[in-house]
K.L.:
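First the structure, then my questions, so here it is.
Sequential numbering from 1 along the given sequence is applied to the chain's residues. Indexing begins at 1, ligand by ligand and atom by atom, following the structure's order.
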Amino acid sequence: MSAALAIADTPEWAALAEHRRALEDRHLRDLLDEPGRLDAMSVDVAGLHLDLAKHRATPETLRLLVALAERAGLPERIEAVFSGERVNVTEDRAVMHVALRAPRGVTLEVDGRDVVPDVHAVLDRVADFADRVRSGEWRGATGRPIRTVVNIGIGGSDLGPAMAAQALRTYVDGPEPRFVSNVDGADLAWTLRDLEPAETLFVVSSKTFTTVETMTNAESAREWLVAALGDDAVPHHVVAVSTNRARVEAFGIDPDNMFGFWDWVGGRYSMDSAIGLSLMVAIGPGRFREMLAGFRAVDEHLRAAPLARNAPVLMGLLGIWYVNFWGSTSHAVLPYAQELGRFPAYLQQLEMESNGKSVTLDGDPVGWSTGPVVWGEAGTNGQHAFYQLLHQGTVVVPADLIGFVRPNHALGHHHDLLVANLVAQAEALARGRTADEVRAAGVPEHLVPHKVFPGDRPTTTILGERLDPHTLGALIALYEHKVLTQACVWGINAFDQWGVELGKELATRIGPELAPDGPPPTDHDPSTADLIGRYRAR
Ligand code: F6P
């Protein structure tokens with residue numbers, strides 16, 4: 001029997017279940033007053049302060065969760081990742097995104113080969129290319145410099161650089177980055193509507209170079225280019241990022257204009273590889289390297305800090321606490337930073353594609369819940385939309401509130417208001433407002449129940465100094481390692497994504513069936529056949 005299969009049968013799991021019963025009647029507003037709680041339930045890493053005090057948990061809870069992680073073999077799993085073991089068992093691959101930010105001189109091996117020199121060789125090539133585009137040395141076919149870089153990719157080949165380009169927009173001093181992902185022609189058409197082909201560079205980003213959305217968008221982008229500038233313009237305006245050299249060549253892109261990565265980098269863990277090329281052109285190689293250093297700081301912390309003081313491990317374990325012991329099915333990410341508007345979407349892929357699994361590493365059904373739905377929106381906008389449910393709904397949604405002490409703009413009074421809202425929301429969610437307090441405010445009796453806030457709603461507040469490249473890298477790495485922690489305890493593979501395949505296969509078959517003179521729709525349920533028929537009759 002593997003450890004993964006048995007996790008819910010372990011004494012550590014039982015101790016947590018028992019502990020949860022003991023906490024049942026303790027309200028967070030009382031827990032918050034316990035002496036020593038702040039020191040015991042906060043942790044700092046890479047310039048980020050994590051306030052864990054507003055959780056339905058005590059230092060004892062953390063101790064029991066850490067014991068569970070030890071029972072699940074988390075320290076060994078972390079070392080297995082860093083030693084290049086093939087922890088992605090269903091794809092028989094190592095999981096080595098930590099090598100993407102390892103400094104020169106560090107050794108990290110996959111199959112006995114130190115991959116860090118390979119990483120730096122590509123990084124240097126990408127940096128050189130980015131510098132040439134930024135300086136105007138790299139020119140379009142007509143000799144004009146590049147003003148816009150359009151990344152064409154989807155999922156992990158889009159969300160990371162797109163999220164980061166928005167998060168770091170203050171630092172963009174190169175060509176404007178734009179992102180096309182959806183096969184919906186509206187995405188490409190709208191993105192290109194005001195662009196000048198002679199000043200546009202396309203980066204076709206796809207690990208596999210087979211993804212239908214990306215290939216379709218890349219073909220149409222090439223047609224748009226060729227219509228304006230002719231075939232010879234393509235090498236000046238289209239480059240590729242991929243692990244699949246043969247496919248890149250078959251597409252007609254010069255391998256000299258291809259930047260590679262490796263099968264040990266999962267798509268959703270790839271934004272700090274060459275997949276970040278469009279971001280690097282926008283912010284420059286120096287700032288990109290600052291971002292890598294932020295990732296690296298958290299990698300080192302993951303390996304060195306004891307589990308009980310390990311920020312990503314504690315984030316992961318508290319997530320497990322709510323999913324497995326309080327029945328939570330969703331988790332909100334609420335950045336109080338407009339620039340982090342795409343961060344929830346980025347985390348949806350990182351967390352849900354990784355941990356949305358229902359069989360263990362051995363292929364047996366899990367006997368416990370796994371990854372929750374991750375969702376969110378920038379504060380304060382969310383406050384005027386869905387926070388009603390967070391405060392007074394019947395479900396408890398644990399949330400991460402993310403904010404920064406210093407803004408990236410000069411409107412300081414706006415920032416004071418923003419941070420006041422962040423702090424206020426976390427306090428209101430935790431403490432609530434009792435019926436007596438409502439009455440004391442003079443509220444008529446019939447309205448009292450409507451104005452009561454139950455409180456006891458858990459949050460992590462992540463407070464950083466400023467949203468800059470280093471901080472962003474650290475923030476992303478925190479969540480990457482949170483995912484690793486949870487997958488280890490749940491006994492699942494965080495690094496495959498078989499669940500995306502069935503829909504792709506069916507779409508490939510249904511595509512031709514939609515043509516009025518296409519093959520007749522076969523082997524569909526009546527509902528699906530009817531929908532196909534309606535479209536076919538257009
Ligand atoms: O369909 C899911 C997925 O495979 C993701 O895991 C991946 O990030 C995305 O598609 C894009 O894949 P690629 O980079 O190979 O185009």
Side-chain angles (χ1 to χ4, degrees), residues 87-97 100 122 126 150-165 179-184 187-188 202-222 238-251 253 258-279 342-357 371 374 476 479-480 483-484 487 492-511:
V87 296
N88 178 358
V89 288
T90 62
E91 295 180 320
D92 193 24
R93 287 177 182 166
V95 172
M96 206 29 130
H97 45 272
L100 298 171
V122 173
V126 177
V150 180
N151 183 79
I152 298 179
I154 197 166
S157 299
D158 164 74
L159 283 164
M163 175 275 290
F179 297 87
V180 172
S181 52
N182 202 324
V183 76
D184 182 346
D187 198 5
L188 183 70
F202 291 99
V203 182
V204 185
S205 299
S206 174
K207 180 175 172 181
T208 55
F209 234 71
T210 59
T211 304
V212 69
E213 290 91 335
T214 301
M215 293 302 108
T216 307
N217 279 321
E219 293 283 2
S220 299
R222 181 166 55 188
V238 186
V239 302
V241 180
S242 185
T243 59
N244 193 339
R245 188 184 171 99
R247 288 271 185 169
V248 169
E249 282 188 72
F251 186 86
I253 296 176
M258 170 186 160
F259 302 90
F261 59 114
W262 306 270
D263 73 354
W264 41 261
V265 183
R268 54 192 174 274
Y269 299 89
S270 68
M271 66 159 292
D272 45 346
S273 71
I275 287 290
L277 189 151
S278 51
L279 174 68
R342 291 294 281 161
F343 196 53
Y346 173 78
L347 292 182
Q348 282 179 327
Q349 189 197 14
L350 181 64
E351 298 208 23
M352 293 164 74
E353 201 173 70
S354 295
N355 284 343
K357 310 285 166 65
V374 175
I476 298 166
Y479 283 90
E480 285 182 349
V483 166
L484 172 69
I492 57 178
N493 185 358
F495 305 108
D496 61 10
Q497 56 284 320
W498 301 107
V500 303
E501 294 303 327
L502 179 56
K504 284 187 198 173
E505 274 171 36
L506 284 176
T508 305
R509 181 152 67 82
I510 290 171

K.L.:
Which of these, Gln349, Arg268, Lys357, sits in a side chain to side chain donor-acceptor pair (under 3.5 Å) with Gln497?
P.N.:
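The single option meeting the side chain to side chain donor-acceptor pair (under 3.5 Å) with Gln497 is Arg268.
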K.L.:
Closest non-hydrogen protein atom to atom 10 (O) of ligand 1, residue and atom name please, with distance?
P.N.:
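Scanning the protein heavy atoms, the shortest distance from atom 10 (O) of ligand 1 goes to Lys504 NZ, 4.4 Å.
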K.L.:
Below the 3.5 angstrom mark, is there an N/O of Gly155, backbone or side chain, next to an N/O of ligand 1?
P.N.:
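Not met; the criterion fails.
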K.L.:
If you have a sec, work out which protein heavy atom is nearest atom 8 (O) of ligand 1 and how many Å separate them, to one decimal?
P.N.:
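For this ligand atom, the closest protein heavy atom is Gly156 N, 2.7 Å.
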K.L.:
Which ligand 1 atoms does Gln497 reach within 4.0 Å, using its non-hydrogen atoms?
P.N.:
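The list of qualifying atoms is 6 (O).
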K.L.:
Are the side chains of Ile476 and Met163 in contact, using a 4.5 Å heavy-atom criterion?
P.N.:
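Yes, close enough: below the 4.5 Å cut-off.
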K.L.:
When only distance counts, is Ser205 in polar contact with ligand 1, meaning an N/O pair under 3.5 Å?
P.N.:
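It does not: no N or O of Ser205 is found under 3.5 Å from an N or O of ligand 1.
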K.L.:
Take a 6.0 Å sphere around CZ of Arg342 and say whether it holds more than 12 heavy atoms from other residues, nucleotides or ligands.
P.N.:
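Not buried by this count: 12 neighbours or fewer within 6.0 Å.
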K.L.:
Considering only non-hydrogen protein atoms, determine which one is nearest to atom 12 (O) of ligand 1 and report residue, atom name and distance to 0.1 Å.
P.N.:
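I find the closest protein heavy atom is Thr211 OG1, 3.5 Å.
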K.L.:
Taking only non-hydrogen atoms of Gln349, do any sit less than 4.0 angstrom from ligand 1?
P.N.:
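Gln349: in contact with ligand 1 (<4.0 Å).
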K.L.:
Can you list the ligand 1 atoms lying under 4.0 Å from a non-hydrogen atom of Val500?
P.N.:
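Once the distances to Val500 are compared, the set is 1 (O), 2 (C).
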K.L.:
Of all the non-hydrogen atoms in the protein, which one sits nearest to atom 2 (C) of ligand 1, and at what distance?
P.N.:
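Heavy-atom neighbour on the protein nearest atom 2 (C) of ligand 1: Glu353 OE2, 3.5 Å.
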K.L.:
Are Glu213 and ligand 1 in contact, using a heavy-atom cut-off of under 4.0 Å?
P.N.:
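Outside the 4.0 Å threshold, so no.
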K.L.:
Does the separation of the ring centres of Phe343 and Tyr479 fall below 6.0 angstrom?
P.N.:
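Yes, close enough.
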K.L.:
Does any part of the side chain of Glu480, heavy atoms only, come nearer than 4.5 Å to the side chain of Leu350, both counted from C-beta?
P.N.:
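A side-chain contact exists here, since the closest heavy-atom pair is under 4.5 Å.
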K.L.:
In terms of side-chain geometry, is the basic nitrogen of Glu505 or Arg509 positioned less than 4.0 Å from the acidic oxygen of its partner?
P.N.:
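The answer is no: the pair does not qualify as a salt bridge.
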K.L.:
Does Lys207 approach ligand 1 within less than 4.0 angstrom via side chain, backbone, both or neither, non-hydrogen atoms only?
P.N.:
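It is both backbone and side chain that touch ligand 1.
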K.L.:
Does ligand 1 have a heavy atom under 4.0 Å from the side chain of Thr208, from its backbone, from both, or from neither?
P.N.:
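The part of Thr208 near ligand 1 is both the backbone and the side chain.
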K.L.:
For atom 9 (C) of ligand 1, what is the nearest protein heavy atom, given as residue, atom name and distance?
P.N.:
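Checking every protein heavy atom, the shortest distance to atom 9 (C) of ligand 1 gives Ile154 O, 3.7 Å.
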K.L.:
Side-chain contact, heavy-atom cut-off 4.5 Å: Val203 with Phe259?
P.N.:
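Side chain of Val203 against side chain of Phe259, heavy atoms only: no contact under 4.5 Å found.
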K.L.:
When the ring planes of Phe209 and Phe251 are compared, do they come out parallel, tilted or perpendicular, using 30° and 60° as the limits?
P.N.:
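Ring orientation of Phe209 relative to Phe251: perpendicular.
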K.L.:
When you measure from the side chain of Lys207 to the backbone of Ile275, do you find a donor-acceptor pair of N or O atoms at a distance under 3.5 Å?
P.N.:
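Not at all, since once roles are kept as given, no pair shorter than 3.5 Å links the two residues.
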